[in-house]
Peer 1: 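Just passing along the structure, written as C-alpha cells.
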Amino acid sequence: MIYDLIIAGAGPAGLSAGIYAGRYMLKTLIIEKAQDGGQISQTAEIENYPGLRTDMEESGLTLTERMTEQVKRFGAERALDEIVSYELDGDIKRLTGLSGKVYEARAVILAMGAHYRSIGCKNEDRFRGMGISFCATCDANFFRGLEVYVVGGGDSALEEAMYLTKFARKVTVIHRRDELRAARSIQEKAFANDKLHFIWDSVVDEACGEDVLNAIVIKNVKTGELTRLEADKADGMMGLFGFLGMIPNTEKLEGTGLELENGYIKADESTRTNLGGVFAAGDIRTKELRQVVTACADGAVAAFQAERYLADKA
Ligand code: NAP
C-alpha cells in the first residue's frame, strides 16, 4: 500500500496535519512511537491554547485526547511504531519502523518534535510539573509572587528569565560558567533588570521537597561546594526553570539529504523543506516560537502544502 501522505509524529503538529489531510481526502497514515501529544502529554496544565475547556481541569493529556478523537473522525490510519530510517529523496518516500515494517507514501510530513535538554539534577523527573518547568510561557503564571531559579546562560535562559520577572518576586539565573552565552544586547537588558540575580559557576545538583519543589542544592563547579537554597516558609514552594537548549528529534534524518540547521529541519512558514514532497511541522523545524498553537498552525499548513504538491504531481 502506498499512501498519499505519511505523518511522522502525533503531537499537536502531526494531529492537526491529520485533521487537515482528512479534509483534503488524502489517504493518510500517522505513525507515532509512544502516546499521542508529544511534549504536551507531560504538561500538567495548559492555559494558553485558545478555546480550552474551563469546566474541567485541562491538562496536556485531556487536550491531546480530544485532538486524537478528532483525527479519528477524519479517517487517518494509525501505526504504533518507531521510525528508524528514512528514504526521502525519491518520488516514493520510504520509512522503516523498528518493527521491520516499511511504510510508503508520495508525501511526508515530519512532525517528530524536539525535547528539552534536562537539567540533570537528582529528583528532576519527580518534580517536573511540580515546580520544575521548561516553558515560561506555559507556566510563569503558576509562580506569581514566588521565588524562581532559571538554569542556563543562553538567549533563551535570559529572555525567559526576564519574562518570569513579570510574575515572580525574584528570579535568579544559575549558570555553569562565569560568562553568559547570550547575545550582548540581551545580556545588557538582563543586567539592567532589578528583579534578576545571578549565581555563577554553578549547576543544580538536587531538587528537594515533599509534594512540590521547596529547595534546591546547587554545586559550585570550581570549588565543589554544595549550597542549599530553600523556598521562603510563607511561599512553601519555588520554581526551577531549565533553558539549556532544545534537542530536535532529527538524529535519524542525518544523511537523508534533508537540510538541517542547528539540528532543526530547515523550513520556513510554508513548512516546505529542500526535498520535494517532504514538509516539516512543529518544533522540529527552524522557527522562533515553539508552542502548541504554532505547532497546530504548522500542521494545517503542511497538510495544505502536501495536498498541493500531490495535486501538481498527479
Ligand atoms: P543555547 O544557546 O544552546 O544555550 C544553552 C545554555 O545552557 C548555555 O548557556 C549552556 O551553557 C547551558 N547548558 C547546556 N547544557 C548544560 C548543562 N548540562 N548544564 C548546565 N548548563 C548547560 O540554547 P538557547 O538559549 O535555547 O538558544 C538556542 C538557539 O536559539 C541559539 O542559537 C539562540 O541564539 C537562539 N535564540 C535566539 C533568541 C533571540 O535571538 N531573541 C531567543 C532564544 C533563542 P554554556 O554557555 O556553558 O555552554
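Here, residue 1 is the first one in the sequence, and each next residue gets the next number. Just so you know, ligand 1 is whichever comes first in the structure, and atom 1 is the first atom listed for that ligand.
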Peer 1: Answer yes or no: is there an ion pair linking Lys72 with Glu69, defined by an N-O contact shorter than 4.0 Å?
Peer 2: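 Counted as a salt bridge, because a side-chain N and a carboxylate O are separated by less than 4.0 Å.
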Peer 1: Suppose I only count heavy atoms of Glu159 and a 4.0 Å limit; which atoms of ligand 1 are within that range?
Peer 2: 41 (N), 42 (C)
Peer 1: Pick whichever of Arg177, Met246, Arg181, Glu261 has a heavy atom sitting closest to atom 47 (O) of ligand 1.
Peer 2: Arg177
Peer 1: Are any of the protein's heavy atoms under 4.0 angstrom from atom 20 (C) of ligand 1, yes or no?
Peer 2: yes
Peer 1: Among Thr271, Asp298, Asp268, whose side-chain hydrogen bond (donor to acceptor under 3.5 Å, both in side chains) with Lys287 holds?
Peer 2: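 Exactly one candidate clears the test, Asp298.
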Peer 1: Starting from atom 32 (O) of ligand 1, find the nearest protein heavy-atom neighbour and note its residue, name and distance.
Peer 2: Asn262 ND2, 4.8 Å
Peer 1: For atom 44 (C) of ligand 1, which protein heavy atom lies nearest, and how many Å away is it?
Peer 2: Ser156 OG, 3.4 Å
Peer 1: Heavy atoms of the protein only: does one fall short of 4.0 Å from atom 27 (O) of ligand 1?
Peer 2: yes
Peer 1: Applying side-chain contact (heavy atoms from CB on, under 4.5 Å) between Lys195 and each of Val171, Val148, Thr165, Leu164, report the one that passes.
Peer 2: Thr165
Peer 1: Report the nearest protein non-hydrogen atom to atom 23 (O) of ligand 1: residue, atom name, distance rounded to 0.1 Å.
Peer 2: Gly245 CA, 3.6 Å
Peer 1: Give me the nearest non-hydrogen protein atom to atom 7 (O) of ligand 1 as residue plus atom name, then the distance to 0.1 Å.
Peer 2: Leu244 CA, 3.3 Å
Peer 1: Counting only heavy atoms not in Arg23, do more than 12 sit closer than 6.0 Å to its CZ atom?
Peer 2: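 No - once you tally the heavy atoms of other residues, nucleotides and ligands closer than 6.0 Å, there are 12 at most.
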Peer 1: Looking only at the side chains, is there a donor atom on one of Tyr3 and Glu77 sitting less than 3.5 Å from an acceptor on the other?
Peer 2: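 On atom types as modelled, these side chains qualify, holding a pair under 3.5 Å.
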Peer 1: Does Leu15 belong to the same Ile/Leu/Val/Met/Phe/Trp/Tyr cluster as Met112, with side-chain heavy atoms less than 4.5 Å apart forming each link?
Peer 2: no
Peer 1: Are Arg106 and Asp91 within salt-bridge range, i.e. N to O under 4.0 Å?
Peer 2: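 Salt bridge absent between Arg106 and Asp91.
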Peer 1: Establish whether atom 30 (O) of ligand 1 and some protein heavy atom are separated by less than 4.0 angstrom.
Peer 2: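 There is no protein heavy atom less than 4.0 Å from atom 30 (O) of ligand 1.
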Peer 1: Tell me the protein heavy atom at minimum distance from atom 18 (N) of ligand 1, and give that distance in Å.
Peer 2: Arg176 NH1, 3.8 Å
Peer 1: Identify the closest protein heavy atom to atom 35 (C) of ligand 1: which residue and atom is it, and at what distance?
Peer 2: Asp155 OD2, 4.1 Å
Peer 1: When only distance counts, is Gly154 in polar contact with ligand 1, meaning an N/O pair under 3.5 Å?
Peer 2: yes
Peer 1: Identify, by atom number and element, the atoms of ligand 1 in contact range of Arg117, meaning under 4.0 Å from any of its heavy atoms.
Peer 2: 15 (N)
Peer 1: Check each of Thr227, Val204, Val203 against Lys219 using the side-chain contact (heavy atoms from CB on, under 4.5 Å) test, and report the only one that passes.
Peer 2: Val203
Peer 1: Is there a side-chain contact between Phe279 and Ile7 in this structure, where contact means two heavy atoms from C-beta onward sitting under 4.5 Å apart?
Peer 2: no
Peer 1: Specify the protein heavy atom at minimum distance from atom 9 (O) of ligand 1: its residue, its atom name, and the distance to 0.1 Å.
Peer 2: Gly153 N, 2.9 Å
Peer 1: Say whether Glu179 and ligand 1 are in contact under the criterion: heavy-atom distance to a ligand atom below 4.0 Å.
Peer 2: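 The answer is no: ligand 1 sits nowhere under 4.0 Å from a heavy atom of Glu179.
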Peer 1: Do Ile109 and Leu88 belong to the same hydrophobic cluster, where Ile, Leu, Val, Met, Phe, Trp and Tyr are linked whenever their side-chain heavy atoms lie under 4.5 Å apart, directly or via other members?
Peer 2: no
